[in-house]
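I have placed the structure first, in the form of structure tokens, so that the comments after it can refer back to it.
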Amino acid sequence: QLQLVESGGGLVQPGGSLRLSCAVSGSTLDAYAIGWFRQASGEEREGVACISRNDARTNGVDSVKGRFAISKDNAKNTVYLQMNSLKPEDTAIYYCAADRTPFPAVCALRSGAYGDWGQGTQVTVSS
């Protein structure tokens, strides 16, 4: 059974950086597209970034473009989300999710495409 465990969240001041990790077990990363999503209190879940089975990257919401970057380490079976220049509006629970897509070069930022989810990690940006 596939398991995803996020880590790296916490409290950071505006302008700071965090790197979230998503450790995947139960399969190798080349079988899944991985997405990062976030959900702020009282808001809908939104796609932040995703990475395809063959490492094609897609960014989600416009507000994170140029600040957030997704990457993966196949040897560690881990996907990362590097978040720079953090803003208070980035405060949310961040989730990683896996999509067992048959297409190696694409990833989706629709939460409905993902069948396996981690438990989430809280990111709070505040002074």
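Source: prediction; values computed, not measured.
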Would a distance-only check, ignoring hydrogens and angles, find a side-chain to backbone donor-acceptor pair under 3.5 Å from [X] to [Y]?
X: Thr91; Y: Glu89; result: no
X: Thr78; Y: Asp73; result: no
X: Arg67; Y: Gln82; result: no
X: Gln1; Y: Gly26; result: no

Test of understanding: clusters of I, L, V, M, F, W, Y form through side-chain heavy atoms closer than 4.5 Å, transitively. Do [X] and [Y] belong to the same one?
X: Leu18; Y: Ile93; result: no
X: Ile70; Y: Val106; result: no
X: Val12; Y: Val48; result: yes
X: Leu29; Y: Phe103; result: no
X: Val5; Y: Leu2; result: no

Asn77 meets the side-chain hydrogen bond (donor to acceptor under 3.5 Å, both in side chains) criterion, sequence neighbours left out, with none
Quick one: list whatever passes salt bridge (Lys or Arg N to Asp or Glu O under 4.0 Å) with Asp55, sequence neighbours left out.
->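 Salt bridge (Lys or Arg N to Asp or Glu O under 4.0 Å) check on Asp55 returns Lys72.
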Please round to the nearest 0.5 Å and tell me the distance separating atom [atom1] of [X] and atom [atom2] of [Y].
X: Asp90; Y: Thr124; atom1: CG; atom2: OG1; answer: 11.0 Å
X: Ile34; Y: Leu4; atom1: CD1; atom2: CG; answer: 5.5 Å
X: Gln122; Y: Leu11; atom1: CD; atom2: CG; answer: 9.5 Å
X: Gln3; Y: Gln119; atom1: CD; atom2: CD; answer: 10.0 Å

Would you kindly say whether Thr28 and Asp30 are connected by a side-chain donor-acceptor distance under 3.5 Å?
-> yes
All pairs passing ring pair (Phe, Tyr, Trp, His ring centres under 6.0 Å) where residues 11-46 contributes a residue, at least two apart | Phe37-Tyr114, Phe37-Trp117
Keeping to residues at least two apart or across chains, list the ring pair (Phe, Tyr, Trp, His ring centres under 6.0 Å) pairs with something in residues 50-98.
->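 Sorted result for residues 50-98: empty, none.
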Is the count of non-hydrogen atoms from other residues, nucleotides or ligands lying under 6.0 Å from Arg57 atom CZ greater than 12?
->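 Yes.
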Any disulfide (SG to SG under 2.5 Å) involving residues 51-107? Give me the pairs, sequence neighbours left out, ordered by first then second residue.
-> Cys22-Cys96, Cys50-Cys107
Could you check Met83, Glu6, Arg38 and say which one makes a side chain to side chain contact (heavy atoms under 4.5 Å, CB included) with Leu20?
->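 That would be Met83.
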Before accepting this row, confirm whether a basic side-chain N of the pair Lys65/Asp62 lies closer than 4.0 Å to the acidic partner's carboxylate O.
->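 So Lys65 pairs with Asp62 through a salt bridge.
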I would like to know whether Ser52 and Asn54 meet side-chain hydrogen bond (donor to acceptor under 3.5 Å, both in side chains); could you show each step before the answer?
-> CA-CA 5 Å; Ser52 72; Asn54 67 357; 2.7 Å; yes
Tell me, do Pro14 and Pro88 make a side-chain contact under 4.5 Å, heavy atoms counted?
->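 Yes. Closest side-chain heavy atoms under 4.5 Å.
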May I have all residue pairs that pass side-chain hydrogen bond (donor to acceptor under 3.5 Å, both in side chains) and include part of residues 10-27, sequence neighbours excluded?
->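 Output for this query lists Ser17-Asn84.
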